[in-house]
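Quick notes on the structure that follows.
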Amino acid sequence: MKVVILAGGLGTRISEESVLKPKPLVEIGGKPIIWHIMKHYSHFGLNDFIICCGYKGYLIKEYFTNYSLHTTDITVDVRSNKIDVHNKTTEPWKITLIDTGQDSQTGDRIKKIEKFVSEDFCLTYGDGLSAIDIKKLIKFNKRNKKLASVTAVKPAGRFGAIELKKNLVTNFLEKPSGDGGWINGGFFVLNKDFLKLISNKNEMLERVAIQKAVNQNEVCAYRYEGFWHCIDTKRDKDLLEKYFKKQKRNSK
């Protein structure tokens with residue numbers, strides 16, 4: 001099964017980073033966000049990726065074109081213009097990078113890669129990380145036989161909460177999950193026929209095609225309450241950096 005990653009947005013709310021690079025190349029724990037996403041799918045045996053590029057997409061193409069230079073040690077013989085690669089261990093990834101336009105909407109980006117998919121496929125955004133079990137999500141989609149399955153998540157709240165009994169505080173919660181209930185977590189499995197619902201190049205996937213499928217009772221929600229984090233702002237990035245540092249310390 002192929003994995004389609006939407007990686008073409010401007011990332012204006014994290015402009016401190018995205019002014020120089022596309023948001024999927026913003027680094028968390030020393031690696032680009034998109035690398036973490038692909039490693040997660042690869043963990044479940046999915047290694048065939050289609051990346052929908054847009055804003056500064058050439059930098060994403062350059063990153064993967066020179067991937068071995070980013071991940072291995074090398075010896076450069078300047079006189080002979082020869083490069084020897086050491087410890088050559090790279091992921092078994094096949095990556096198709098498609099320029100879907102800088103100003104395209106999400107629906108248009110997906111429509112532009114239609115010829116590269118011939119069956120059900122996974123879809124996600126290039127700025128969200130999760131520990132979701134992809135195999136369980138795919139099995140859920142097959143079991144329900146709908147055009148689309150979307151992961152529903154409960155994000156951490158932005159503010160601390162207190163539980164009260166009359167005037168007595170009975171519990172103090174530091175940023176509990178689920179301020180407003182379930183939201184779209186951005187990890188989809190889509191049937192190829194879902195693409196027929198995208199009819200206009202200016203459509204946003206979430207507001208038009210998904211809504212059409214909802215109206216036809218063709219969307220199922222896979223509920224997931226584990227780790228999930230979207231990198232939308234500099235604050236989100238900093239929180240994830242702290243999370244990865246903590247995980248690294250705990251693994252020692």
Side-chain angles (χ1 to χ4, degrees), residues 1-8 24 33-53 91-98 100 105-155 177-178 181-200 203-230:
M1 182 178 287
K2 297 192 178 193
V3 180
V4 177
I5 302 177
L6 293 167
I33 300 168
I34 196 168
W35 180 90
H36 290 284
I37 294 170
M38 294 168 71
K39 285 289 285 186
H40 185 66
Y41 277 100
S42 187
H43 174 73
F44 293 98
L46 279 70
N47 295 298
D48 195 346
F49 298 94
I50 302 172
I51 300 178
C52 300
C53 300
E91 285 73 20
W93 296 344
K94 178 183 177 182
I95 309 169
T96 302
L97 298 110
I98 304 298
T100 58
Q105 298 288 356
T106 48
D108 187 26
R109 294 190 192 283
I110 297 170
K111 194 70 172 177
K112 286 178 177 177
I113 58 89
E114 184 173 11
K115 66 180 181 180
F116 296 99
V117 294
S118 58
E119 56 183 4
D120 292 1
F121 62 96
C122 290
L123 170 74
T124 194
Y125 304 105
D127 61 0
L129 301 180
S130 177
I132 181 174
D133 189 316
I134 300 298
K135 281 189 176 180
K136 288 184 179 179
L137 173 61
I138 293 172
K139 287 180 180 178
F140 173 85
N141 178 73
K142 289 182 178 178
R143 185 167 66 249
N144 285 282
K145 298 179 180 178
K146 299 293 185 181
L147 288 179
S149 291
V150 58
T151 300
V153 301
K154 285 189 174 182
S177 64
W182 299 97
I183 69 167
N184 168 22
F187 288 83
F188 300 85
V189 179
L190 302 178
N191 184 285
K192 190 178 188 303
D193 288 339
F194 174 86
L195 297 173
K196 297 176 182 177
L197 299 178
I198 304 173
S199 56
N200 189 305
E203 289 181 2
M204 287 187 68
L205 167 74
E206 306 80 1
R207 293 182 183 175
V208 183
I210 288 289
Q211 190 58 52
K212 287 180 182 177
V214 168
N215 295 340
Q216 297 173 16
N217 296 317
E218 284 291 339
V219 181
C220 279
Y222 178 78
R223 301 189 186 200
Y224 172 72
E225 298 190 56
F227 170 75
W228 177 89
H229 198 99
C230 178

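Bear in mind that the values here come from a model prediction, so they are computed numbers and not experimental data. Numbers here are sequence positions counted from 1. The figures here come from the full heavy-atom set of this structure, side chains too, leaving out hydrogens, waters and symmetry mates.
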> So, do Y222 and N144 sit near enough that their side-chain heavy atoms are less than 4.5 Å apart?
Replying inline: no
> Taking L123 as the fixed residue, which of L6, V150, V3 is the one that meets the side chain to side chain contact (heavy atoms under 4.5 Å, CB included) rule?
Replying inline: L6
>> Would you say that E206 contacts T106 through its side chain, given a criterion of any heavy-atom pair below 4.5 Å between the two side chains?
In response: yes
>> Show me the pairs that pass salt bridge (Lys or Arg N to Asp or Glu O under 4.0 Å) and involve residues 123-140, at least two apart or across chains.
In response: K23-D127
>> Quick one, H40 with S130, criterion side-chain contact (heavy atoms from CB on, under 4.5 Å). Give me CA distance, side-chain angles, the key distance, then yes/no.
In response: CA-CA 8 Å; H40 185 66; S130 177; 5.5 Å; no
> Where do F49 and K94 land on the side-chain contact (heavy atoms from CB on, under 4.5 Å) test, with the steps shown first?
Replying inline: CA-CA 6 Å; F49 298 94; K94 178 183 177 182; over 6 Å; no
> Once you round to the nearest 0.5 Å, how far does NZ of K212 lie from CD of E203?
Replying inline: 5.0 Å
> How many angstroms lie between CG in L197 and CD1 in I210, if you round to the nearest 0.5 Å?
Replying inline: 8.5 Å
> Rounded to the nearest 0.5 Å, what separation is found between the SG atom of C52 and the CD1 atom of I98?
Replying inline: 8.0 Å
> What are the two closest non-hydrogen atoms of A7 and I51, and how far apart are they?
Replying inline: CB-CG2, 3.7 Å
> Which value, rounded to the nearest 0.5 Å, describes the distance between I134 atom CD1 and L46 atom CG?
Replying inline: 7.5 Å
> Is K146 reaching over with its side chain to a backbone N or O of C220, donor-acceptor style, under 3.5 angstrom?
Replying inline: no
>> Are F188 and V4 packed together at the side-chain level, in the sense that at least one heavy-atom pair is separated by less than 4.5 angstrom?
In response: no
> Just wondering, do Y41 and T124 contact through their side chains at under 4.5 Å, heavy atoms?
Replying inline: yes
> Can you check whether G8's main-chain N or O pairs, donor with acceptor, with R109's side chain at less than 3.5 Å?
Replying inline: yes
>> Please enumerate all residues that pass side chain to side chain donor-acceptor pair (under 3.5 Å) together with K2, with sequence neighbours excluded.
In response: none
> Which value, rounded to the nearest 0.5 Å, describes the distance between R143 atom CZ and N141 atom CG?
Replying inline: 10.0 Å
> Given side chains that start at C-beta, do those of Y125 and N184 come closer than 4.5 Å, heavy atoms only?
Replying inline: yes
> If you look at every heavy atom in E218 and L147, which pair is closest and at what distance?
Replying inline: OE1-N, 2.9 Å
> Going from CD1 on I50 to CD1 on I110, what distance comes out if it is rounded to the nearest 0.5 angstrom?
Replying inline: 11.0 Å
What side-chain donor-acceptor pairs closer than 3.5 Å can you find for residues 111-121, not counting sequence neighbours?
unit_1, atom_1, unit_2, atom_2, d
K111, NZ, L195, O, 2.9
K111, NZ, I198, O, 3.3
K112, NZ, T100, O, 3.1
K112, NZ, S104, OG, 3.4
K112, NZ, D108, OD2, 3.4
D120, OD1, N191, ND2, 3.2

> Do I183 and W228 touch side chain to side chain, with heavy atoms closer than 4.5 Å?
Replying inline: yes
> Do the side chains of I37 and L129 get nearer than 4.5 Å, heavy atoms only?
Replying inline: yes
>> Run the side-chain contact (heavy atoms from CB on, under 4.5 Å) test on V153 and F187 for me, step by step, so that the C-alpha distance in whole Å, both residues' side-chain angles and the decisive distance to 0.1 Å come before the verdict.
In response: CA-CA 10 Å; V153 301; F187 288 83; over 6 Å; no
> Side chains of M38 and I5: closer than 4.5 Å at any heavy-atom pair?
Replying inline: yes
